[in-house]
K.L.:
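Structure in structure tokens, see below.
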Amino acid sequence: MRKIYDIFKSQKLGIITGFTITGLLITGSLVMSFNPRQYAGLSGEDISFFFIHKKPIHSWFYLLFLACILYGINTFLCTLDSIIKKAKGGVKKVTLYGASVVHIGFVITLVAHLVGGLYSSTEPPVSVADEWTDLGGVEMKVTDLKTSSYPNGMPKIIEAFVTVRKDGIEFSDTLGYNKPVLLQHGVLEILMRDYGWITSGVTLKIDNRLCSIKINDTFIANGAPVRVADLYMPPQYRYPVVQLISAVSNNEAQQTFLHIGENNAKDIHGVKIAFTDIHSAPGVLVSVKNNPSIPLTFVTIFFFSAGMILVIFRIVGRTGSNYEA
């Protein structure tokens with residue numbers, strides 16, 4: 001058992017696995033570049049892709065995965081061995097443990113990547129406008145959208161002002177391409193995918209009365225319910241068209257397509273109905289990312305910061321001692 005322990009904590013093993021990981025990363029980059037179709041669907045740090053789609057072409061990753069585990073074990077044992085030797089040797093200066101603290105942070109980083117790679121997930125994009133939209137346990141709506149552009153027309157700054165509601169608590173936030181809305185201390189991220197103006201409803205002229213109606217809402221025409229089923233925009237049709245669905249005497253659905261403009265009015269259940277206007281609201285296309293490794297990332301930052309501070313104090317202390325001498 002002692003011999004196995006010595007092998008796993010040896011510096012030589014750390015060097016070999018380090019170079020092996022580097023070589024496998026280069027190999028993987030080349031394989032992915034020359035076979036992009038084999039990696040369709042792979043995104044971000046998600047490594048579950050390789051375990052769901054088991055293929056010989058992914059061999060480089062399976063070797064990389066094992067090498068990273070071996071490297072993590074080696075780093076952990078080396079760090080543990082260093083701390084034990086210092087403690088047995090009577091080392092009481094905290095600053096002398098700085099490098100070991102940094103190495104602990106590195107081991108936690110590997111664990112965080114493993115957790116994030118296996119268990120992080122990103123939901124399909126969802127459109128959010130001025131109405132509450134359920135994003136899976138979280139509701140959000142857009143209250144305003146501000147954009148600025150460069151002289152050539154390219155977007156410069158995109159800011160969507162949103163209201164988020166979770167567990168009955170509402171708060172305001174700002175969403176951008178590089179500024180996600182963070183929830184649960186960063187475990188949940190709402191990411192912006194696209195932005196623009198989203199159609200929220202239409203104006204219908206019903207017997208000379210203008211009525212604002214949202215898509216999928218129902219209005220009454222001569223005692224019969226009529227639902228605004230859909231809105232078709234160019235290029236599907238040359239002009240905007242609204243689809244109305246109502247029930248006839250035998251309970252069969254009757255579809256009516258209205259082109260925009262009062263001249264295109266049609267009679268439904270004895271009522272003259274015209275499609276006169278379209279309502280738009282600022283909206284964004286978002287997706288929700290769940291990354292359970294974020295708490296470990298904060299722990300990593302703490303250990304790296306604490307370790308570097310101890311190392312700096314040690315260097316400053318040594319420099320001061322040399323200067324006095």
Side-chain angles (χ1 to χ4, degrees), residues 40-41 121-147 158 160-166 168 170 175 181 190-288:
S121 60
T122 303
E123 299 298 324
V126 177
S127 296
V128 180
D130 58 344
E131 297 286 337
W132 287 112
T133 302
D134 186 10
L135 301 177
V138 180
E139 292 181 296
M140 190 174 78
K141 66 178 179 179
V142 179
T143 57
D144 197 8
L145 181 66
K146 292 186 178 180
T147 64
I158 311 298
F161 300 92
V162 301
T163 301
V164 181
R165 182 164 64 191
K166 180 172 174 58
E170 295 183 15
L175 179 68
V181 173
I190 301 177
L191 308 169
M192 179 188 284
R193 299 300 185 188
D194 204 351
Y195 70 97
W197 289 83
I198 298 175
T199 301
S200 60
V202 296
T203 297
L204 299 180
K205 192 172 184 179
I206 307 171
D207 267 349
N208 296 319
R209 290 183 299 108
L210 293 177
C211 302
S212 296
I213 305 173
K214 295 186 178 296
I215 306 300
N216 285 322
D217 280 359
T218 300
F219 63 93
I220 303 299
N222 201 16
V226 180
R227 183 168 64 91
V228 180
D230 209 342
L231 175 66
Y232 301 97
M233 301 289 289
Q236 289 176 291
Y237 288 82
R238 187 174 181 182
Y239 302 104
V241 175
V242 66
Q243 179 189 19
L244 305 178
I245 295 180
S246 58
V248 293
S249 56
N250 56 1
N251 290 326
E252 292 184 0
Q254 175 181 317
Q255 297 188 71
T256 304
F257 292 89
L258 281 179
H259 286 75
I260 194 168
E262 290 193 41
N263 294 333
N264 298 315
K266 291 185 178 180
D267 185 278
I268 300 177
H269 298 300
V271 178
K272 185 179 180 182
I273 300 176
F275 171 26
T276 61
D277 200 3
I278 300 172
H279 305 298
S280 298
V284 292
L285 188 68
V286 302
S287 58
V288 179

K.L.:
Assess whether side chain to side chain contact (heavy atoms under 4.5 Å, CB included) is satisfied between F275 and V202, documenting all intermediate values.
P.N.:
CA-CA 7 Å; F275 171 26; V202 296; 3.8 Å; yes
K.L.:
Going by the angle between their ring planes, with limits at 30° and 60°, are Y232 and Y237 parallel, tilted or perpendicular?
P.N.:
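Answer is tilted, since the angle falls between 30° and 60°.
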K.L.:
I260 versus T276: any side-chain heavy-atom pair under 4.5 Å?
P.N.:
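When only atoms from C-beta onward are counted, T276 and I260 do not touch, as no gap falls below 4.5 Å.
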K.L.:
Is there a side chain to side chain contact (heavy atoms under 4.5 Å, CB included) between D277 and L210 once you walk through the steps?
P.N.:
CA-CA 10 Å; D277 200 3; L210 293 177; over 6 Å; no
K.L.:
Which pair of non-hydrogen atoms, one from I278 and one from M233, has the smallest distance, and what is that distance?
P.N.:
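Reported closest heavy-atom pair: CD1-SD, 3.8 Å.
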K.L.:
Would you mind reporting whether T203 and H279 have side-chain heavy atoms less than 4.5 Å apart?
P.N.:
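A side-chain contact exists here, since the closest heavy-atom pair is under 4.5 Å.
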K.L.:
Counting only heavy atoms not in F161 (residues, nucleotides, ligands), do more than 12 fall under 6.0 Å from its CZ?
P.N.:
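Check passes, neighbour count above 12.
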K.L.:
Within the 4.5 Å heavy-atom criterion, are I198 and S280 side-chain neighbours or not?
P.N.:
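No - every pair of side-chain heavy atoms lies 4.5 Å or more apart.
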K.L.:
Check whether any side-chain heavy atom of M140 sits under 4.5 Å from a side-chain heavy atom of V164, and report yes or no.
P.N.:
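Contact flag for M140/V164 side chains = yes.
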K.L.:
When you compare the side chain of I273 with that of K266, does any pair of heavy atoms fall below 4.5 Å?
P.N.:
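Not touching, per the 4.5 Å side-chain cut-off.
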K.L.:
So does L285 get a backbone contact from the side chain of D194, meaning a donor-acceptor N/O pair under 3.5 Å?
P.N.:
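Side chain of D194 to backbone of L285: no pair is present.
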K.L.:
When you compare the side chain of V284 with that of L175, does any pair of heavy atoms fall below 4.5 Å?
P.N.:
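SC-SC contact between L175 and V284 confirmed.
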K.L.:
Side chains of V226 and V271, heavy atoms from C-beta outward: is any pair under 4.5 Å?
P.N.:
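Side chain of V226 against side chain of V271, heavy atoms only: no contact under 4.5 Å found.
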K.L.:
What's the shortest heavy-atom distance between E262 and A274, and which atoms?
P.N.:
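Minimum heavy-atom contact is CA-CB, 4.0 Å.
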K.L.:
Tell me if the CG atom of N263 is crowded by more than 12 foreign heavy atoms within 6.0 Å.
P.N.:
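Open: at most 12 neighbouring heavy atoms sit under 6.0 Å from CG of N263.
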K.L.:
Are W197 and P282 side-chain neighbours, meaning at least one heavy-atom pair lies under 4.5 Å?
P.N.:
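Of all side-chain heavy-atom pairs linking P282 with W197, at least one is under 4.5 Å.
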K.L.:
State whether R165 and E170 are salt-bridged, where the test is any N-O pair (Lys NZ or Arg NE/NH1/NH2 against Asp/Glu carboxylate O) under 4.0 Å.
P.N.:
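So R165 pairs with E170 through a salt bridge.
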